[in-house]
Amino acid sequence: MPDNTLVRLIDVCKRFNKGSETITIFDRLELSIPAGDFVAVMGPSGSGKTTLLNLLGGIDRADSGEIHIGGIRVDALSESALTRWRGAHVGFIFQFYNLMPMLTAAQNIELPLLTRPGKDRRRHVETALKVVELADRKKHYPREMSGGQQQRVAIARAIVSNPDLLLCDEPTGDLDRATADEILSVLRLLNRDLGKTIVMVTHDAAAARHARRTLHLDKGRFIERDLAA
Amino acid sequence: MASLVLQIFAVTMINLRSIPQRLLLSISTVFAVALVVLVLLGFLAMANGFQRTLTGSGSDDIAIALRGGSRSELNSVVVRNQVNLLAEAPGIARDATGRPLISAELYLVIDAVKRRDQVKANVPLRGISREGAALRKGISLIEGRMFNPGANEIVVGQDVIGEFEGFELNQSITLGTGRWTVVGVFSANGSVFGSELWADAAAVQSLFNRNNVFQTVRAQLESPAALAAFKAYVEADPRLKLEVQSEAAYFADQASRVSDLIRRLGWPLAIAMAFGALAGALNTMYSSVAARACEIATLRAIGFGGIPAFVGTLCESMLLAAVGGAIGAAATFVAFDGLTVSTLGGSFTQVVFSFQLSSTLIVRGVLLALLIGFIGGMFPAWRAARMGIVEGLRG
Ligand SMILES: Nc1ncnc2c1ncn2[C@@H]1O[C@H](COP(=O)(O)OP(=O)(O)OP(=O)(O)O)[C@@H](O)[C@H]1O
Ligand SMILES: [Mg+2]
């Protein structure tokens with residue numbers, strides 16, 4: 001395994017049971033993502049994009065195969081170790097932001113910090129708010145913010161505990177073009193300036209162009225197309 | 001550890017602040033729990049009030065003798081020879097002329113009509129000696145005079161007048177073939193005697209053709225400690241097949257039998273209702289977990305453990321139950337505490353008493369509420385903790 005590989009999937013199989021029939025999402029899937037990459041994942045609906053993110057983020061388990069992230073074999077971790085690992089190493093960004101409506105921006109952002117020991121929670125929250133340029137909105141509730149602002153809060157929540165890997169599931173799927181572009185530039189900034197490795201699922205080719213490369217997922221396989229040129 | 005506490009705190013805050021989204025369900029749970037506590041505390045306050053009223057009427061330095069094995073005055077028999085022997089007993093106080101302060105008494109019930117609903121009920125008629133009134137605490141004539149020895153005259157406890165018709169001063173009453181007159185009204189300072197009619201023992205004996213037969217003997221002791229000597233004397237004499245207790249012990253025993261009965265009615269009723277409230281709590285909490293599935297899954301995804309999800313849900317449930325318990329206790333206090341009622345006493349007679357809440361009772365009510373909250377939150381909390389993250393996020 002090369003030193004700079006952050007994510008490595010080996011022979012990953014994933015099936016779901018739907019009633020009596022079993023559908024195979026991945027059959028011996030292989031993937032490797034170097035640290036510092038920004039990968040867009042595209043593919044038809046139902047091709048398993050969300051499932052891939054769930055496996056990478058340790059909120060779903062593969063039926064077989066190995067998942068190595070940052071040198072840790074996450075598929076071998078116990079449930080509680082996996083929970084702790086998620087809190088420290090992964091940031092999730094969802095299409096519908098998934099903020100807690102009854103908490104302010106700052107309280108939402110603080111949540112991941114509650115899952116591990118450590119001081120200076122307020123300072124970390126302030127820093128994350130600054131990165132997403134929402135310092136003046138920290139006392140606002142989600143309902144008082146636009147979709148773009150809510151997604152920035154969600155991004156701040158994802159980065160506040162300084163994880164290596166950000167997993168974004170259609171982060172701009174619910175936003176208009178201009179707002180989507182703003183969010184994408186925040187992600188690009190996180191990738192370029194803060195060295196975050198990002199895996200972003202999107203249906204939007206324009207969004208995918210913000211990434212360094214795009215993987216196309218179809219029938220459980222990746223087809224890579226280099227869009228760098 | 002500190003982080004676990006922080007997570008639990010955060011999840012609990014999130015749960016509690018989302019209660020407005022399930023306001024109606026939550027309110028109905030609170031209401032159901034409040035009702036359970038109201039019913040339970042109502043019964044317990046009744047039992048407590050009854051017991052305190054009766055226990056409070058008893059003194060330590062008054063001895064009561066009943067036929068051995070008789071648990072109440074109504075089925076006790078003491079004959080005149082025995083009364084004469086008791087008058088000689090040690091430990092009994094005497095007046096200035098050396099006469100023992102004892103009262104051989106008859107205790108019967110007569111019919112009377114209740115003011116409130118015109119229903120017939122029993123009122124106790126007690127035949128007492130001249131010393132009878134003085135052998136009871138807190139008795140004072142508030143109207144008229146005492147009955148004269150041998151006369152068909154009655155003095156009436158104040159509570160009887162409030163509850164029953166026809167016992168006002170100077171009223172005449174037909175008992176058997178004789179006519180009796182109310183010549184006085186006495187206050188008994190809240191004790192059970194306030195619910196009685198008193199007349200001269202000899203007059204009552206001839207009315208009921210029970211010459212030479214009494215039911216109890218009441219004696220003033222020199223001191224509470226003199227009870228032992230009196231008891232020993234009675235036990236040593238084979239002619240005296242009597243049982244001697246202090247008045248306080250006698251009333252406590254009478255009261256506990258009735259108040260135990262009230263409690264035995266109250267608890268099962270409250271527990272049956274608690275099952276209803278429990279079903280409501282379960283329903284509310286399962287909806288709470290379902291409504292928050294995405295939030296719980298999101299928290300789990302960003303590193304929250306299952307324990308905070310569990311405890312947070314449990315806290316919500318227990319809080320709803322605690323609020324219900326507090327409302328139920330407060331409602332009991334407002335509705336019942338100090339409420340004066342009358343009921344059938346240990347001797348099938350009317351006893352006037354007040355509901356009395358106490359802190360111990362309130363604690364019991366609130367504990368029952370919390371138990372409902374605990375069980376009602378437990379299973380939904382388990383579901384919250386075990387819920388699949390992927391399923392929660394998919395919605
Ligand atoms: N928990 C589950 N139980 C059963 N089937 C599932 C489950 N999760 C996903 N699937 C199925 O697996 C397939 C892939 O789902 P997934 O959500 O990964 O697709 P996707 O590529 O993210 O699609 P979309 O673009 O619509 O979000 C779908 O057919 C879906 O119905
Ligand atoms: Mg998807």
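So you know, we letter chains A, B, ... as the sequences are listed, proteins then strands, and number each from 1. Owing to the predicted nature of the structure, the values given are computational and were not obtained by experimental measurement.
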message = On a heavy-atom basis, which atom in Leu25(B) and which in Ser287(B) lie closest, and how many Å separate them?
response = CD1-OG, 3.3 Å
key: Over all atoms of both residues, closest heavy-atom pair of Leu77(A) and Arg61(A)   = O-NH2, 2.8 Å
inquiry  = Between Arg300(B) and chain A, with a heavy-atom cut-off of 4.5 Å, which part of the residue counts as in contact: side chain, backbone, both or neither?
reply    = both
request  = Examine whether an atom of Ile307(B) lies under 4.5 Å from a heavy atom of chain A, and if so say whether it belongs to the side chain, the backbone or both; otherwise answer neither.
outcome  = neither
Contacting moiety of [X], where chain B heavy atoms sit under 4.5 Å:
X         : answer
Asn54(A)  : side chain
Arg84(A)  : neither
Gln107(A) : side chain
Phe94(A)  : side chain
Arg121(A) : side chain
Ser80(A)  : neither

ask   = Does the side chain of Lys196(A) come under 3.5 Å of the side chain of Asn162(A) through a donor N or O and an acceptor N or O?
value = yes
message = Is a donor from one side chain sitting under 3.5 angstrom from an acceptor on the other, for Ser18(B) and Gln21(B)?
response = no
ask   = Between OH of Tyr97(A) and CZ of Arg157(A), what distance do you get to the nearest 0.5 Å?
value = 12.5 Å
Would you list the atom pairs, donor with acceptor, under 3.5 Å between side chains in residues 35-45 of chain B and any protein atom, with sequence neighbours excluded?
none

